[in-house]
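Counting begins at 1 with the first residue of the sequence.
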Amino acid sequence: MAAASPNSIAPLPMSGLARALVQAGHLSTSQAEALNKNALSEKSFFIDTLLQSGHIEKRALALFCSETYGYPALDLSAFDLAALPEKIIDAKLMQGQRVVALTKRGNKVTVALSDPSNTQALDQIKFQTGLIVEPVIVQHDALLQLLEQLGQNAEQNLNELIGDDLDINFVEDDAVAATDAAGTEVDDAPVVKFLQKILLDGINLGASDIHFEPFEKFYRIRFRVDGILREVAQPPLSIKEKLASRIKVISRLDISEKRVPQDGRMKLVISKTRAIDFRVSTLPTLFGEKIVMRILDPSQAQMGIDALGYDADQKEILLNAIQRPYGMVLVTGPTGSGKTVSLYTCLNVINKPGINISTAEDPAEINLPGVNQVNVNDKAGLTFAAALKSFLRQDPDVIMVGEIRDLETADIAIKAAQTGHMVFSTLHTNDAPSTLTRLMNMGVAPFNIASSVILITAQRLARRLCNCKQPAAFLDEVLLQAGYKEADLDGSWQPFKPVGCERCNGSGYKGRVGIYQIMPISEEIERIILAQGSAPDIERQAALEGVRSLRQSGLIKVKQGLTSLEEVLGCTNE
């Protein structure tokens, strides 16, 4: 084999579009190589150099790409810029690779591009979004114009974010304000506005929690919406210290302490008539402080009992119980099941000028005017038990204990219920019958439980189906296995399934609905308690008295079209 000439030069790599044009006869090999060389030397895209040379018209190139690569061609002038989906493709990727997301339906995203040989861009979009990418071909000049408009809008949004036009304020006391040096406030103005925007987005989306999470290579922010966490932003990693410091300053936390967890509160004043409280928790992790903010919206307690999802018979039983002059009502369920909102709603129903209501909470999550709320402080000696003892010397009519955690608190609460006070509280148990055995396991005497507890409500929160829901088909065997009876399968109702639309961000669910087990303590159940019966014994008796289990209540919500069968099966056990 002859050796290569020392003066020979390896041909420059040619773009896929250039090769396709040569094969189709639109360019000669020498023309393509010359254009390719110019593009590389000017560090520009081959398609830019090609169109500037005049070898092919923009429209003709778009039609060629569509026919050669088999992708449909679209006219971008038919698309409304304001209607384009936001935050599907990272802005840096979009501008760098010259691609634009036009529509998103379910797990598919339609992407506009002018050079279909750029498979790297399509692979990056698929990897970044996890969606199926459906390319469409558009004219190159129209695509560049659209990218320029989107870039200007992004810059304008950033300027608005950094500006002073947001009509919201953090409430700070003098001590907090003193910790902010004037220079720091100026330097951190973008951080402050970014934080405000994140909080506003969380409120507008109905998030219950906001997570700020630092990792080694990135920093992410997630919202918990309808019980599901989802990522909403990945700001620069360099912002994590300033953002954490700002949150800690407003929440009255020690800004210099980064080695131990801290808890605080902050308030965001949105307007003259609305303010949102946040419960803030910091936690040292390997790569910085993770911060979780619980959104405490007082309007939740004003929703009214009808909005919580009680069935008509359950609502009647509950209202009768909370309006009795004395006794104990217990709300039970896991963390995040809506116990606090249910308790506040009950308090709001009976909150009248003639009733003295006192609450002991850790901490008080929602401010209720007319209710005397006390924050428990174990370090200072203000425990639930200490607060309860003090309440009994304050002439109370209604007492609410945030949670019964120990025997001392349970004993005082039960004695209060036995001596003419209405007591509300919560426990963490799976269902209503097991709550009674939990009290006995704590050491509370059975006769005290039987003589004080008048009603127990267990609850879960299931995601509510969005209006985009569609009928679902299930085999009778599946419905029977889920808990329906033969009589229920009469064809008079239709189960639905989630679909996904822009309103629900593609999840198929929007909001949540409560699933409840309302168990009044009857004479028969009192006898079982006095005999130290087990939770299954109480459950069997409650079923005989018509008390529906959580699963049965959830299946009714499916029949009503409020949620899906999968959601009920996922949040109830049976």
Side-chain angles (χ1 to χ4, degrees), residues 305 314 317-333 339-340 342-351 355-362 371-372 374 376 383-385 387-392 394-429 431-459 516-530 532-533 535 538 541-542 545 547:
I305 199 165
Q314 294 177 332
I317 294 171
L318 179 63
L319 289 176
N320 288 336
I322 66 175
Q323 290 172 350
R324 288 174 61 172
Y326 58 88
M328 178 180 284
V329 172
L330 296 173
V331 180
T332 182
K339 300 187 298 297
T340 300
S342 294
L343 278 177
Y344 276 114
T345 303
C346 291
L347 288 178
N348 206 40
V349 170
I350 61 177
N351 184 14
I355 297 179
N356 180 19
I357 304 176
S358 296
T359 73
E361 303 164 77
D362 185 20
V371 175
N372 306 289
V374 174
V376 169
T383 61
F384 279 120
L388 276 173
K389 290 178 181 177
S390 181
F391 286 168
L392 295 176
Q394 293 274 323
D395 185 30
D397 297 302
V398 178
I399 295 172
M400 189 191 93
V401 187
E403 182 184 350
I404 294 179
R405 298 176 178 173
D406 50 52
L407 177 59
E408 184 182 11
T409 304
D411 274 337
I412 299 172
I414 283 175
K415 288 174 183 175
Q418 292 171 332
T419 55
H421 306 92
M422 172 57 68
V423 179
F424 297 101
S425 191
T426 69
L427 276 91
H428 289 87
T429 57
D431 56 15
S434 60
T435 304
L436 296 169
T437 55
R438 171 67 61 84
L439 289 173
M440 285 189 273
N441 291 337
M442 278 186 182
V444 181
F447 65 86
N448 279 333
I449 300 173
S451 62
S452 59
V453 180
I454 59 175
L455 181 131
I456 301 173
T457 169
Q459 64 183 71
Y516 302 94
Q517 180 185 29
I518 305 292
M519 188 180 80
I521 307 303
S522 64
E523 291 184 0
E524 287 299 323
I525 293 179
E526 284 183 12
R527 291 192 184 97
I528 296 174
I529 296 170
L530 292 171
Q532 299 186 33
I538 298 171
Q541 179 59 38
E545 296 175 4
V547 175

- Task: Among V444, T419, V453, find the residue that satisfies the side chain to side chain contact (heavy atoms under 4.5 Å, CB included) test when tested with I414.
- Result: V444
- Message: Under the rule for salt bridge (Lys or Arg N to Asp or Glu O under 4.0 Å), what residues qualify as partners of E403, not counting sequence neighbours?
- Response: R405
- Considering all heavy atoms of both residues, which atom of P446 and which atom of Q532 are nearest to each other, and what is their separation? CG-CG, 3.7 Å
- Using a distance-only test with no angle check, is there a side-chain donor-acceptor pair under 3.5 angstrom linking Q517 and T457? no
- When rounded to the nearest 0.5 Å, the distance separating CD1 of I456 from CZ of R438 is 12.0 Å
- Evaluate the side-chain proximity of V398 to F424: yes if any heavy-atom separation is below 4.5 Å, no if none is. yes
- Task: Assess the side chains of N348 and T345: does a donor N or O sit below 3.5 Å from an acceptor N or O?
- Result: no
- Message: In the structure I gave you, are the side-chain heavy atoms of V376 and V374 within less than 4.5 Å of one another anywhere?
- Response: no
- Item | Rounded distance (nearest 0.5 Å) linking atom CD1 of I538 with atom OG1 of T435 | 9.0 Å
- Side-chain contact, heavy-atom cut-off 4.5 Å: Y326 with H421? no
- Task: Nearest 0.5 Å please: distance from the OG atom of S342 over to the CD1 atom of I305.
- Result: 8.0 Å
- Roughly how far, to the nearest 0.5 Å, is CG of L436 from CD of E526? 10.5 Å
- Message: For a quick test of reading the model, state the closest non-hydrogen atom pair linking I404 to A410 and the distance between them.
- Response: CG2-CB, 3.6 Å
- Query: At their closest point, which heavy atom of D431 faces which heavy atom of S434, and how far apart are they?
  - Reply: OD1-OG, 2.6 Å
- Item | Check: E524/S522 side-chain N/O donor and acceptor closer than 3.5 Å | no
- Heavy atoms, side chains only, cut-off 4.5 Å: are I454 and M422 in contact? yes
- Query: Taking side chain as C-beta onward, heavy atoms only, is V329 less than 4.5 Å from L343?
  - Reply: no
- Message: Distance check, rounded to the nearest 0.5 Å: E408 atom CD versus D411 atom CG?
- Response: 8.5 Å
- Task: Please answer whether the main-chain N or O of D397 pairs with a side-chain N or O of N356 as donor and acceptor at a distance below 3.5 Å.
- Result: no
- Task: Any chance you could lay out the side-chain contact (heavy atoms from CB on, under 4.5 Å) test for M328 and Q418, step after step, and finish with the verdict?
- Result: CA-CA 9 Å; M328 178 180 284; Q418 292 171 332; over 6 Å; no
- Message: Using modelled atom types and a 3.5 Å cut-off, is there a donor and acceptor pairing between side-chain atoms of T437 and backbone atoms of A535?
- Response: no
- Closest non-hydrogen atom pair, N320 against R324: O-CG, 3.2 Å
- Query: Are L427 and L439 close enough that some pair of their side-chain heavy atoms sits under 4.5 Å apart?
  - Reply: yes
- Task: Compare every heavy atom of A417 with every heavy atom of V423, then report the nearest pair and how far apart it is.
- Result: CG2-N, 3.8 Å
- Item | Where V371 and T359 come nearest, the two heavy atoms and their spacing | CG1-CG2, 3.5 Å
- Do S425 and M400 have side-chain heavy atoms sitting under 4.5 Å apart? no
- Item | T332 (side chain) donor-acceptor with T429 (main chain) under 3.5 angstrom | yes
- Report yes or no: do S358 and Q394 form a side-chain donor-acceptor pair below 3.5 Å? no
- Item | Side chains of V349 and L319 in contact at under 4.5 Å (non-hydrogen atoms) | yes
- Separation between OH of Y516 and CD of Q459, rounded to the nearest 0.5 Å: 5.0 Å
